[in-house]
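Scope of the values below: all heavy atoms of this structure, side chains included, with no hydrogens, waters or symmetry mates. Only a predicted model underlies this, so the values are computations on that prediction, with no experimental measurement involved.
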There are 4 protein chains.
Amino acid sequence: MTSKPANLTRIQSERRDEILSSALEIFSKNGYKGASINKIAQAANMSTPRLLYHFSDKEKLYSDLLSSTLSLWIDPLEFIGQTDDAVEEICNYVRRKIEMSRDYPRESRLFASEILIGIERADDSLFDPLHQIFRDKIELIQRWSNEGKIAPVDPYHLIYSIWATTQHYADFDVQIRTLSPQKMENLFDDAEAFLIPMYTKLLTPSR
Amino acid sequence: MTSKPANLTRIQSERRDEILSSALEIFSKNGYKGASINKIAQAANMSTPRLLYHFSDKEKLYSDLLSSTLSLWIDPLEFIGQTDDAVEEICNYVRRKIEMSRDYPRESRLFASEILIGIERADDSLFDPLHQIFRDKIELIQRWSNEGKIAPVDPYHLIYSIWATTQHYADFDVQIRTLSPQKMENLFDDAEAFLIPMYTKLLTPSR
Amino acid sequence: MTSKPANLTRIQSERRDEILSSALEIFSKNGYKGASINKIAQAANMSTPRLLYHFSDKEKLYSDLLSSTLSLWIDPLEFIGQTDDAVEEICNYVRRKIEMSRDYPRESRLFASEILIGIERADDSLFDPLHQIFRDKIELIQRWSNEGKIAPVDPYHLIYSIWATTQHYADFDVQIRTLSPQKMENLFDDAEAFLIPMYTKLLTPSR
Amino acid sequence: MTSKPANLTRIQSERRDEILSSALEIFSKNGYKGASINKIAQAANMSTPRLLYHFSDKEKLYSDLLSSTLSLWIDPLEFIGQTDDAVEEICNYVRRKIEMSRDYPRESRLFASEILIGIERADDSLFDPLHQIFRDKIELIQRWSNEGKIAPVDPYHLIYSIWATTQHYADFDVQIRTLSPQKMENLFDDAEAFLIPMYTKLLTPSR
DNA sequence: AATGAATGAGAATTCATTCAT
DNA sequence: GATGAATGAATTCTCATTCAT
């Protein structure tokens, strides 16, 4: 999981944050291979050796960045199931995921490219926390489905579908900008106006 | 669309195909930056200069590959609207896109990484043919929506959603393999079993 | 000396001429190293192997070009001494050299870059014909000088100086174009108007 | 003029000097295209990337070398006009240019090949300082000519002729070595003994 | 006589990383 | 702690030349 060193001075942790912020910018725009730690160091206003003092190598920086960002994926998922209104719970999840795409597109693209291209990693436990919660929620949705609180659906594909439709707006941003006549400002509202009814229709149990 | 040279000798077109095949493999796995023409040449059993004899440079190889693959994206779209059963037409499109993800995942990932990371291209008209047909179909779906043949939906977001949900199975393959309990063989059937009802519910006009 | 094969078909010798003409253009503009036989072949509208059929390799092409062009340097020199008016003879030589710079600047630059940069040549007898005539004329001028037909001057430096001042207009063309306010059309006339009086003053014997 | 970075560490300026010295040797002997930074690095006893650490690329190294050498061309020109003896002033310029050819032949050849072959440069302002002073001196000589301090001559062609005759000994060194019977030691003295009377005769106003 | 195809040597970079100060 | 300096491996591409047909 996150291997952030436990005891850091304030300065050290400020530097780490500056670096991670630049790394997010550069990695999400260029992918792992396309990004050079030089450019990242430059964006963070420091020399490369100084960057490497904080993160021992490029791969460490990259995976620390990924794991420090993972909560953005996990958090919205965690909230599912606070209330008993199953359809609404899932729709709220969709809403939160849309917000994420709007507010944190770089993080979304970072993950997308990691999954799409992926680097060989010695330790591939990076996504373990996500997977744990994923399984919990799968179970929850399955229960809801069994109990008739939502229409019967395959919970796996439901979540895949939600991830796909919501993250698409961040990850394929470039294409959508080209194709859409709408201003980007309204785009996410329109997306919500499309997706919420879709999932509502899908999930509302027929009487 | 980069036009494949019209008159090729036998050897040229054989070599081109060998190279493009290896290039698809390597580019889709590693992205543009992560792929070296060395590795591609090696995979195609030839020396790098020999490869470069057939494709003048890396970028040319890459964009020729993209454009030679673009029809896989365009073709299923083109078929929409053969019959008058609007809901069925769109569902069939979904089915075809699922098949594409199953049968041509590398091509799907190639495009995904191009849109996600994208290289600056001198001539960015690569996607023009897709965009043209896209607009045609947007118009068609809008008409269907107006005429009440499908429920009222935003055609843009409908297509984005179809692209997202279907291509997701190819593009995020790695993640899905990890998370899904199903055997991959059934995965695409299950996906279809999930998506077709979803879009049917969404699109069937309420009377 | 010139190693032009003795017996050539008409077609062969036409091809050779086409190639030499393109080679002159490319070599004089880019130097030996900067010129590629590809570009030369292209400029001559033929494939590189076909070019290499006529000239076994790049160096051969280059030195054949040099020797086929050498007469432009030699010819004006050869004429010196037709009449007995020594000053006029030399001035006429200057005039002819100026014409050469005006009419054959590429040839002049080709030689200049050969002397300036020079490639290591197995057989460095290329300039032998020039040197032979050079020595003859040195002798002639020395005699004129001894006989008082021209003012006493070092014949070597006289010829160097004539070469330098006249060829300069072809070889340093780029610089002169930048510095000179005159139109290029008049440039060579102006040069003559400057140089002839200079050499006349220099050479006219004082009584 | 490419500006040498203002603040250099000790090592930086030492390395720069070593590299520039090797670069002068290699570039002046082989021209821009014929010189490889490999050879230059080797001559400077370092690896190519180490060289490239100090000069970002080949062209930068080349143009830094040119501009650092430009003063050799400019300085002798600048001195013209210190005294009022116009003929002597110009003759002294000739003498200084001959010294330059004797003492800095590689620099002279470097410039000659740049003008002769020239590389396309993003910023072609390299020679601006020279051109500025050139124009000043043109004006001065024109004034002298108008005032009768020297015989009436075209100042442009006068300077071209001085450049041509003096630089010739450095630039065409190879040819001169072959043709001249003199030992090289005396060559420059002999050149001076030829050129000074020539320009004196040319410039001395007839009363 | 001619071309398409291929080769191997080198060229100029780039880049993650290390070292010395 | 931090930077300037350097390294070595890899990468893209060029080019003279050769080979097979």
**Report entry** Derivation and outcome, side-chain contact (heavy atoms from CB on, under 4.5 Å), residues Asp57(C) and Ile37(C)
**Finding:** CA-CA 9 Å; Asp57(C) 60 23; Ile37(C) 55 175; over 6 Å; no

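- Of the two residues near DNA chain E, Pro49(A) and Arg15(C), the one whose nearest nucleotide lies more 5' is Arg15(C).
- The partner of dA1(E) is absent, by the rule that a Watson-Crick or G-U pair needs both atom distances under 3.5 Å.
- Distances shorter than 4.0 Å separate none of the side-chain N or O atoms of His54(B) from OP1 or OP2 on dG4(E).
- For the pair Phe55(A) and Leu65(A), the minimum side-chain heavy-atom distance is 4.5 Å or more.
- When both distances must be under 3.5 Å, the Watson-Crick or G-U wobble mate of dT3(F) is dA20(E).
- If you take CG of Leu61(A) and C1' of dT17(E), they are 14 Å apart, rounded to a whole angstrom.
- Between Asp57(B) atom CG and dT14(F) atom P there is a gap of 7 Å when expressed in whole angstrom units.
- Checking dT7(E), dT13(E), dT17(F) against every side-chain atom of Arg50(B), the shortest atom distance belongs to dT7(E).
- In this structure, the side chain of Ser21(D) does not engage the main chain of Asp17(D) through any donor-acceptor pair within 3.5 Å.
- For the pair Glu59(D) and Asn45(C), both in contact range of DNA chain E, the more 5′-proximal nearest nucleotide belongs to Asn45(C).
- Within the 4.0 Å cut-off from OP1 or OP2 of dC15(E), not a single side-chain nitrogen or oxygen of Asn38(A) is found.
- The nucleotide dG8(F) finds its pairing partner in dC15(E), both defining distances of the Watson-Crick or G-U wobble pair being shorter than 3.5 Å.
- The aromatic ring centroids of Phe111(A) and Phe127(A) lie less than 6.0 Å from each other.
- Contact annotation: Tyr53(C) side-chain N/O to dA1(E) OP1/OP2 distance is under 4.0 Å.
- When the side-chain nitrogen and oxygen atoms of Ser47(B) are compared with OP1 and OP2 of dA6(E), none of them lie within a distance under 4.0 Å.
- Going from atom CG of Leu51(C) over to atom P of dA1(E) covers 15 Å, rounded to whole Å.
- Counting only heavy atoms from C-beta on, Ser36(B) has its side chain closest to dT11(F) among dA16(F), dT11(F), dT13(E).
- In this structure, Lys60(A) places its NZ atom 17 Å from C1' of dA16(E), rounding to the nearest Å.
- For the pair Leu52(A) CG and dG4(F) C1', the computed distance is 14 Å after rounding to whole Å.
- Remark: Lys58(A) qualifies as a cation-pi partner of Tyr32(A) under the 6.0 Å distance and 45° angle criteria applied to the six-membered ring.
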